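Sequence lines set the chain letters: A, B, ... in the order given, protein chains first and strands last, and positions in each chain run from 1. Just so it is clear, the values below take in all heavy atoms, side chains as well, and ignore hydrogens, waters and symmetry mates. Because the structure is a prediction, the values reported are computed rather than measured.
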Amino acid sequence: MYAGCKQYDFDQIESFWQRFWDKNKTFCVQEDPSKEKYYVLDMFPYPSGTGLHIGHPEGYTASDILARYKHARGYNVLHPMGWDAFGLPAEQHAIKTGINPATNTVNNISVFKKQMKRIGFAIDWEREINTTDPHYFKWTQWIFLQLFKHGLAYVDECPVWWCEGLKSVLANEEVIGGRSERGNFPVVRKNLCQWVLRITRYADKLLEGLSNVDWPDSTKRQQIAWIGKSEGANIFFKIDGHDEEICVYTTRPDTIFGVTFLVLAPEHPLIEKIVAPKFKDGVKKYVKDSQKKSDLERTDLAKTKTGMSTGAYAINPANGEKIEIWIADYVLASYGSGAIMAVPGHDKRDYDFASSYGIAITQVIDESSGDNQLPYVGDGVLINSGRFSGLSSEEARGKIVSWLREIKRADFAQNYKLRDWLFSRQRYWGEPIPIIWIKENDYKAAVANNKFYFKEFLPNEPISNGKDGITYCALPLCTNHLPLTLPPTDNYLPSGDGESPLAKIHSWLNVYVNIETGQIVPAEDFNEKDKNSSWILGRRETNTMPQWAGSCWYYLRYLSPHCETAIVDSNAINYWQTPDFYIGGAEHAVLHLLYARFWHRFLFDIGAVETGKEPFKKLFHQGIILGEDGTKMSKSRGNVINPDEVVNRYGADALRLYEMFLGPLDMMKPWSTKGIEGVSRFLKKVWNEYIDGDGNVRNFHENLSDECQTVVNETIKKVGNDIEGLKFNTAISQMMICLNSIQKAGGFDNASARNFLKILAPFAPHISEELWARLGNNGSIYDTLWPEYDGSKILPTHQKIIVQVNGKMRAELVIDDANMSEDAIFKLAINIGNVKKYIADKKILKKVYVNGTVVNFVVE
RNA sequence: GCUCGAGUGGUGAAAUUGGCAAACACGCCAGACUUAGGAUCUGGUGCCUAACGGCCUGAGGGUUCGAGUCCCUCCUCGAGCACCA
């Protein structure tokens, strides 16, 4: 069976084979212990309303080629796909149109799926998952509850951007210069109660894990920088005339003799206590002013540093010197202890500050190059540092801290830039957080009662939150209560008081909970007659999870997408483990890839997944495809290429081939409409080598020339190697070279005709299937094994040696005997006409021979 | 500012350990077949030069018999970080 057209009619061929694959479930896989597994993972798309972008098929084709190749190598290959479908665009569409985001999402997914099927990816669609499906997010909620139980989820009052004009909380990225990006309304800082995940507890594990993964260096570096671990010391400074002391964190304890002042962040709690009476007003004003400033203004490097003296003094524990305590907003409250020891001689920022306020600058490090320009921020030899003078910075760091530690004025310490993960969003279209808030007294009474139903996910310490003078505690739902689904509504706007739209849906919001039976009923349906001590009134958490939640563990769900009893079936995970290859855009270098590593590591630690510690062993980022004008594709520039139109015009095989031929996979590269004609022509040439003008299979040669056999075998070898190295552009050019020589030789022989299709199949599967079938084969070419090349055909029968004079190529020398002596080769080479000419009567100073490759005569 | 990455024909690009720079393709030029060509095939195509020949991998220097590849300085572009003490 095959499409049967006379000419290369890609439309007919491609739809025929897509139906064939669907009907025969060609790409569906099961665990098979007799075979080695290979798990290929794509970053799943957000199904936007605009359909597939031309960039999507780039990564998907690359992973598809690898998946098909690995399958041909005998692996049991899993290549699944799904939808990361929660998110803001669907919600905004709902606000505009009133159409439920779920409906809209289903439509978008069906468009995406149809488009992807048209490109012929070898995907096991039976494993399709959707993060907005309650069967899926039931387990996202379950993981949240595990985090909650293990003390890794807590609530905190966090400052967020509030926009009264939009009645909504905005993300940092949505605030530009103190106004909302959309609508240009003013925004203010507002403290809201937020869920936060304790990712910082995993900082060290997340850092260590990076040393065992095969990832792009730049991505590893980004994560390392994001985690931002530093080694240093906490040093305690006594305050003159007060009992309190100030703790500062420093990575440069070797510069402690150069401290000329301390600086506290304006938010530092000690300020009020220590400020000298005369300085009170100025300090108060400065603190107030800096609170008004946006983060952007405070961190603007261009501005000159400002600050204010507190009039208080601290004692340097190293030398007993009295130093002034300042406040300044260049010191961040959120890092370290919110206070620093300022060493203007050896820190750029302290130097700037000291210069503008006329504070002393002391040099305590001697720079080896000796120009002694301050501030000198590198390491060197200590000077003016008491008994530590003469030590190197490195040595001094250990010795000074050890000494201060003995007198209880310091301790070794580490610090991280990583902050805990703000996990709540005031949105409708996200996973509801499966928590009910109940009064603290009810909670305590329930916990004390041994009939308490809700023990499954109970943390050691209750998570509590005060509101209107009453303290509430977070009551976790149990597995039986999941999924907690989104209530229907037709109003997706935020409520206006900093809560999600869910806060307006009272029938969902207010519930009675039976703490002994676990029963939950809407408050409005509750029959007061039933009321007894087991029933308590609660209010559901109204925040939803951020979009990152669903993508944190989807690679696990693919392994057993229909499992109802666990996040992943244990047989399935024992077999498939974690992805062997993961491809997706570099824009997720820190967010998704860090969050997912955190969750995986957590699930590993609690024994929920029995795999390695890292979820993504090998990671690759495909480069962005630019518009034909070399700029980013965008509607406003009018340079957007629609994959559907490309498939209509050239076919899916041509699209696949072209996206891979464009250049190295990881590089940014511009699209070229002319360029695709080249690969389209190649496919037509392939067709014509197999099928004659009447649509019949050609007669192949009995034998192929030695030259052609060399090329064919080289091609089999190179294409295989290039796929393993993800160098698809050169693999394709090698296939073109091969076809060109076959064409010159007047056609294939039987064996090479079959082998060529097998290596083409991962790149252009439709035409390969069609021609394979026409050669008289049954079944899919997908199920054939990769051809072995014949190494003896590749070895050249004679050796070619390059002859150079003064390093410039002047001739080629062909020798039959690979073991010919050096002298004999020189003799042959020197007598070649063109070589003679360049040597002429000049004196030969040196003769170089590199075995089997090059001869070089050096003449005066 | 700091840290990475990149810079090769008209264009996208290719080039084991340092060993024929520009494979493969696009475009362009010429030709063949054609009523026709936006089809197909053949040949040509880095730059300078009439030619011999010379010069070419962002610029300059270095190491080497030999450098696109290694080292130093600088320029340009891209990415990331950005007062993290």
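Comparing B:A23, B:G43, B:A25 against the side chain of A:S733 picks out B:A23 as the nearest. Among B:A85, B:C83, B:A23, the nucleotide with an atom closest to any side-chain atom of A:I737 is B:A23. For A:W226, the listed nucleotide lying nearest its side chain is B:C81; candidates were B:C81, B:G19, B:C24.
Residues satisfying the ring pair (Phe, Tyr, Trp, His ring centres under 6.0 Å) criterion with A:Y357, sequence neighbours excluded, are A:W326, A:F353. Residues that satisfy the side-chain hydrogen bond (donor to acceptor under 3.5 Å, both in side chains) test with A:D692, not counting sequence neighbours, are absent from this structure. Listed by chain and number, the residues in a side-chain contact (heavy atoms from CB on, under 4.5 Å) with A:S334 are A:L332, A:R419 (sequence neighbours excluded). Qualifying side-chain contact (heavy atoms from CB on, under 4.5 Å) partners for A:Q804, counting only residues two or more places apart in sequence or in other chains: A:I802, A:V854, A:N856. Under the side-chain contact (heavy atoms from CB on, under 4.5 Å) criterion, A:K6 pairs with no residue, sequence neighbours left out. Not a single ring pair (Phe, Tyr, Trp, His ring centres under 6.0 Å) links A:F763 to another residue, sequence neighbours left out. By the side-chain contact (heavy atoms from CB on, under 4.5 Å) test, A:I844 pairs with A:I830, A:I839, A:K847, A:F857, A:V859, sequence neighbours left out.
Residue-level contact check: A:M809 touches the bases, meaning some heavy atom is under 4.0 Å from a base atom. Within the 4.0 angstrom heavy-atom criterion, only backbone atoms of the sugar-phosphate kind lie near A:N740; the bases stay farther away. The residue A:T250 sits close only to the backbone: its heavy atoms come under 4.0 Å of sugar-phosphate atoms, none of a base. The residue A:K685 sits close only to the backbone: its heavy atoms come under 4.0 Å of sugar-phosphate atoms, none of a base. When heavy atoms are screened at a 4.0 angstrom cut-off, A:S334 is found touching no nucleic acid atom at all. Among the atoms of the strands shown, only primed sugar atoms or phosphate atoms (P, OP1, OP2) are found under 4.0 Å from some heavy atom of A:Q743. Within 4.0 Å (heavy atoms only), A:V248 reaches no atom of the nucleic acid at all.
Separation of the C1' atoms belonging to B:A32 and B:G37 is 14 Å when rounded to the nearest angstrom. With both ends at atom P, the span from B:U76 to B:A85 equals 30 Å, rounded to whole Å. Comparing B:A15 with B:U8, their C1' atoms sit 11 Å apart, to the nearest whole Å. Using atom P as the reference point in both B:G7 and B:C55, the two lie 25 Å apart (nearest Å). Comparing the C1' positions of B:C75 and B:A21 gives a spacing of 24 Å, expressed to the nearest Å.
In this structure, A:K669 contributes its side chain and A:P664 its backbone to a donor-acceptor pair below 3.5 Å.
B:A85 atom C1' lies 13 Å from atom CG of A:D254, rounded to whole Å. Atoms CD (A:Q7) and C1' (B:A39) sit 11 Å apart, rounded to a whole Å. If you measure from atom NE2 of A:H588 to atom P of B:G80, you get 13 Å, rounded to the nearest angstrom. One interatomic measurement links the two molecules: CD of A:Q734 to P of B:A25, which rounds to 11 Å at whole-angstrom precision. Between the OH atom of A:Y249 and the P atom of B:C83 there is a distance of 17 Å, rounded to whole Å.
No side-chain donor from either of A:E714 and A:Y789 sits under 3.5 Å from a side-chain acceptor of the other. No side-chain donor-acceptor contact under 3.5 Å links A:S230 and A:N415. A donor and an acceptor atom, one from each side chain of A:N639 and A:T631, are located under 3.5 Å apart. Under 3.5 Å, the side chains of A:D350 and A:Y330 contain a donor-acceptor pair of N or O atoms. Judged purely by distance below 3.5 Å, without hydrogens or angles, the side chains of A:T673 and A:E628 pair a donor atom with an acceptor atom.
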Shorter than 3.5 Å, N or O on both sides, protein versus nucleotides 51-55 of chain B: list them out with atom names.
from  : atom 1 : to     : atom 2 : distance (Å)
B:G53 : OP1    : A:K837 : NZ     : 2.8

Show me the protein contacts with nucleotides 12-18 of chain B, counting only N or O atoms at under 3.5 Å.
from  : atom 1 : to     : atom 2 : distance (Å)
B:G12 : O2'    : A:L662 : O      : 2.7
B:A14 : OP1    : A:N729 : ND2    : 2.9

With 3.5 Å as the limit, what N/O pairs link the protein to nucleotides 62-73 of chain B?
from  : atom 1 : to     : atom 2 : distance (Å)
B:C65 : OP1    : A:K846 : NZ     : 3.1
B:C65 : O2'    : A:N856 : ND2    : 3.0
B:C65 : O2     : A:N856 : ND2    : 2.6

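In this structure, A:C708 and A:S741 approach most closely via the heavy-atom pair SG-O, 3.7 Å.
Pairing partner, B:A32: B:U40, with both Watson-Crick or wobble hydrogen-bond distances short of 3.5 Å. When both pairing distances are held under 3.5 Å, B:U11 makes a Watson-Crick or G-U pair with B:A25.
Take the nearest nucleotide of RNA chain B for A:S672 and for A:A333: the residue whose nucleotide is more 5' is A:S672. Residue order along RNA chain B, read from the 5' end via each residue's closest nucleotide, puts A:V679 first among A:R252 and A:V679.
For residues 653-663 of chain A, the set of pairs meeting the side-chain hydrogen bond (donor to acceptor under 3.5 Å, both in side chains) definition, not counting sequence neighbours, comprises A:D64-A:R656, A:D653-A:H766.
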The contact string for nucleotides 27-36 of chain B, one letter per nucleotide 5' to 3', using protein heavy atoms under 4.0 Å with B, S and - for base, sugar-phosphate only and none, comes out as S---------
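Under the 6.0 Å distance and 45° angle rule, A:R597 does not count as a cation-pi partner of A:W226.
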